[in-house]
Structure formats: C-alpha cells, structure tokens
Amino acid sequence: MTDATSTSANTPSSGNGEASGRDVGLVGLAVMGQNLVLNLAEHGYRVSVYNRTTETTDEFVDRQPFGDHIVGYETIEQMVASLSRPRRIILLVKAGVVVDKVIESIVPFLDDGDIVIDGGNSLYTDSTRRQTALADQNIHFIGAGVSGGEEGARNGPSIMPGGASEAWPHVKEMLQAISAKAGPAEDEPCCDWVGPEGAGHYVKMIHNGIEYGDMQVLAEAYAIMSAQGRANGEMAATFAQWNDGRLKSYLVEITSEILAHTEESGQSTIDLILDAAGQKGTGKWTVISAMELGQPMMLVAEAVGARMVSSFVETRARAAEVLPGPDASPALDASLTLDDIGDAIYAAKLISYAQGFMTLDAASEEFGWSLDLGSIAKLWRAGCIIRAVFLDDIARAYAEKPDLENLLFDPFFADALSSAIAGLRKTVVAAAAAGLAVPAYASALTFYDGFRTARGSANLIQAQRDYFGAHTYERLDKPRGEWFHTDWVGSGAAAVSGSYSA
Ligand code: NBP
C-alpha cells in the first residue's frame, strides 16, 4: 500500500465529470444505497457507485437525474481508482457476512488513510472487530448507523457514526450535509461523532430497540380503542390530535395515516392486514445487550416478545378456542377515556426512553466510550423513525445535568410522569380486567412501581438463594459489603469472609 497524499474531498468538488478524483464511492445499490447516492448527488457530491449485480447499477445510473455526478463502475477496482484520496467508500449492503466479504474485496485496492464507512444495520461487536482489523492495515473504519429508511436516506437520515475518530474530519462535512436537520432554525445536523469502536452502531441498535417499544405502545392504544368499539376513522383522528401535542412524533403521525387509509372498495386497509409482526433482529440485539449490561430495558423486551407471540397465528387461533378470558361486560371499563390512553402512551414512552438511556449510560461505562447522552438525543430529533418532540426535552435534560443519574429524575420528566402515570395505571387495570394484552403498558407500570420502591421483596430472593445454594446475603443491621450465610435448617447466621457477587 502507498500513502494517501492528496487533500480531503470533504466538500463537494466542482464536478466536471472527469474519471478521477471523484468525491465518494458507494457499494450496494438496493433501496438504501440508491437513495443515499441521490441525496449525496443533490448536495453536489460526485459519487462513484458499484453494485454486485451490474444490471442494477446500469438501470440506476441510466434513470437518475444528476448526470455525471453519479457514475457507475463494473468492478470494485475501477470504482476505487476513480476516487480522490483519502478515499471515502460507503457500504450499504446486507448486514452480516456480506459486509466482511465486501470489505475483503475492497481492501486490496485501498491506500493508507483511506476510509470505509459501513452504513448498514451491522451488529456493533462486528463494527468493533472490523475497526480493529482495518486499523492494523492503516485503513480507517467508520460504523455509521443510518436511520430513516428509504425516505430518510433520500431526504436526510439521522446518522450515527463511530469508529476511527481520525477519519471524522474527512467525512464530517459530507455526512452532516446529507443528514436531517433539527432545531429551531432546522439547521442543526442530526449527525455527529458518537464514539470509538462500534459505538455508532450501538447507538443505532438502541434507537431501533426504542423504535420497537414505541410501535408496541401505539399498537396497544389501537387495541384498546378497537376494543372500545371505536371506528378506524375516529382512531385516525385521535392519533392526529395526539400528534399536535406532547406525543408529536413520526410514528404517531404515520399511525394516524395508516388508520385513515382505505382500499378502493372503501374498506380500511388496516383491517385486511394479518396481525403477525416481522422483525429483523435489532430489537432482540438491544434486549440481549441490555441484559448483558444488567439494565432492565423491559418495555423493549416486551415489544420483541409481543412480535413473537403475534407470529404464532395458528396457535393463537386454537388458544382462543380453549383458553377462557375474564367474563367482563362491558368489555372495557367504560370510564377509560382517550385522555387516559394518551397518558398511558406518554408515560410508557417516558419509561421506555429512561430504560434506553440507562442502557446507553451502562454501555458507555462498560466499553469506555464516553457517550454524550444529550448529543445522542439530538441525533434522534429528525430523520429517524423515533423522531419526536420530546427528544428536545431529553437533550435539554442532559445538557443541564450531564451526570443526570436517571432521566426520570429530571424535573421535567418527573413532573410529566407524575401527571401521566394515573392514566397508565387506569389503562393497565382496565385492560387486565378485560383480558386484553398490554405487555408494554403493564411492563412500564411495573418498572415504575418497582423503581420507586425503596424496600422491595428481593430480601426473600436472597434468602432463597442462600437456602438452596449458600449464595450469602447482606443484612440491614450490618454494613454493605459484609456477607452472611444462614444454616436455614439449623440455627443462626454466620458471617462469610470476603465478598461475593452473583
Ligand atoms: P439489503 O439489506 O437488502 O442488501 C442488498 C444489497 O446487498 C444489494 O446491493 C446486494 O447486491 C448487496 N449484496 C448482497 Br445481498 N450480497 C452481496 C455480496 N455477497 N457481495 C456484494 N453485495 C452483496 O439492502 P437495503 O435494504 O438497501 O439495506 C442496506 C443496509 O441498510 C442493510 O444493512 C440494512 O439493514 C440497512 N438499513 C435498511 C433500511 C431499510 O429501510 N431498508 C433502513 C435502515 C438501515 P445485489 O443487488 O447484487 O444483490
């Protein structure tokens, strides 16, 4: 490999269509890749594109409207050779082993200091591994979470880059230019450096986990309102109204539009859709990571579980015939209002985000990433699927108190939760009495009640563990850190030397 010598092509070049010195390369012309290329070209960047299947490249280049700002290449080698140095190459290929294969095929043509950006939904541990391996070859690797789907990629996604920080100055202007913008003047890019190793993909993973939670929270509101006998049009109007206030968010907005959508026949489209939710794995990854870090991200865990239960279509149909529910009449407490349900959505979301930020905080500590939680909240204000007005409040909470122990201790969130929690409680009680599953709401309420309980019931669990496994326990009448074992069938407690952790 030779040294990269020329200056950065961070700003768009004038673009005269020459075959060398192009600004950025992109591999992978499926839905995300094509839209991100159009976004780059619209911002003046000259993009060299490559796709494994050449016909896809040809079709795309032929119909795109940006002329020689977008040029297709038949081989990776030609694409790499077309770029100015340090070369910047974005990968938007299928996550997993494909990313490794593509990196392997590119590396032989790269020089010291070139930059590879993986913009797919890669697992953060893979990104950490890739960054380390490529650093050994003097290649800078950036794992960049990109959220917003097809529309975001085209018009401005939320971008969460992490990895080789030396590369950030070479890509900052470009990635911030194509990202969504937020803030009062809509000029603050939803793209900033997140941290080392796989930090960017970690933050994207937590974003996706929270997205699972938000979707479940809205689906439960839909289930309750349906059980109340409300028509889809009325529910659409309610979600639209909620979208004018504290619940304002992309997911509430599209939920309203979905519920209002009808077929040519006049029938609601939502009523024709099979109730079996798919998933690609980022919610599951979130829960696994939270568990590994000892963080109760339970609302997202329930959301992942609810999708699993939904997929048992035939089994649920059989269970519906043999497993009785409560004999409730009317089906739902008639005093449960739309305001109560709105409160349930809001309180559950507050708790879910608090759990998400607890996990981010723990990951930052565990991996030594120094994550800026307020900055992360800002990245999610626009462009991404969980964009919502209250991310401004989260950003403000961490800006005011960067060492905030828990989001729920911020005065704004504490007040907001205390005013909404009664609605959540009423909704959970009504749903449980009617035999309606509301796993996200119930989990949020249970977390809230457990979290605010100064003395709980884990003393019994410690006693049970000590009884069957001599796992020892701490005592209220002795200092923390002193451990005891009781001979439960004999007599008395004996101090155990040293510390013990389970
Ligand atoms: P896909 O995840 O469907 O991947 C398709 C692309 O990967 C095509 O360009 C395909 O080339 C290429 N590819 C495959 Br498959 N195997 C390959 C190989 N062995 N060598 C080279 N290229 C290979 O595309 P996508 O939906 O655009 O998503 C791209 C990334 O962005 C993924 O990581 C995804 O999880 C993430 N993401 C997607 C969305 C979304 O809304 N779709 C949102 C956010 C993030 P081919 O044309 O030759 O088959």
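As the structure lists them, so they are numbered: ligands from 1, and atoms in each ligand from 1.
- Taking every non-hydrogen atom of Gly28 and a distance limit under 4.0 Å, the qualifying atoms of ligand 1 come out as 9 (O).
- Comparing heavy-atom distances from atom 7 (O) of ligand 1 across Gln34, Lys204, Lys94 singles out Lys94 as nearest.
- Between Gly152 and Asn39, the closest heavy-atom pair is O-ND2, 4.3 Å.
- Between His207 and Trp380, the angle of the ring planes goes over 60°, which puts this pair in the perpendicular group of the 30/60° scheme.
- Protein heavy atom nearest atom 3 (O) of ligand 1, with residue, atom name and distance: Ala30 CB, 4.5 Å.
- Residue-environment remark: CD (Glu166) exceeds the threshold of 12 foreign heavy atoms within 6.0 Å.
- Summarising the contacts of atom 30 (C) of ligand 1 with Thr54, Asp118, Val93, Val98, the nearest heavy atom is found in Val93.
- With salt bridges taken as basic N to acidic carboxylate O contacts below 4.0 Å, one links Arg129 and Asp100.
- In terms of protein heavy atoms, atom 26 (O) of ligand 1 is closest to Val31 CG1, 3.5 Å.
- Of all the heavy atoms of Thr53, the ones lying under 4.0 Å from any atom of ligand 1 are found in both the backbone and the side chain.
- Taking atom 41 (O) of ligand 1 as the reference point, the nearest protein heavy-atom neighbour is Gly149 CA, 3.5 Å.
- Aromatic ring orientation, Phe390 versus Tyr346: tilted (interplanar angle from 30° to 60°).
- One option in Leu26, Asn208, Val102, Leu91 has a heavy atom closer to atom 21 (C) of ligand 1 than any other, and that option is Val102.
- Around CD of Glu186, the count of heavy atoms belonging to other residues, nucleotides or ligands within 6.0 Å does not exceed 12.
- Summary of contacts: the protein heavy atom closest to atom 35 (O) of ligand 1 is Asn121 CB, 3.3 Å.
- For Val27, no heavy-atom contact with ligand 1 is shorter than 4.0 Å.
- The nearest non-hydrogen atom to atom 37 (N) of ligand 1, considering only Met32, Arg52, Glu55, Glu151, comes from Met32.
- Below 4.0 Å from some heavy atom of Leu29 lie the following atoms of ligand 1, by number and element: 9 (O).
- Across every non-hydrogen atom of His140 and Ala164, the tightest pair is CB-CB, 3.8 Å.
- A salt bridge links Arg316 with Asp275; the closest basic N to acidic carboxylate O contact falls under 4.0 Å.
- At a heavy-atom cutoff of 4.0 Å, ligand 1 is contacted by the backbone of Val146 but not by its side chain.
- Counting heavy atoms only, Asn51 comes closest to atom 11 (O) of ligand 1 of the residues Ile385, Leu36, Asn35, Asn51.
- For atom 29 (C) of ligand 1, the closest non-hydrogen atom of the protein is Leu92 O, 3.7 Å.
- Between Glu188 and Arg381 there is a salt bridge, since at least one side-chain N of the basic residue sits less than 4.0 Å from a carboxylate O of the acidic one.
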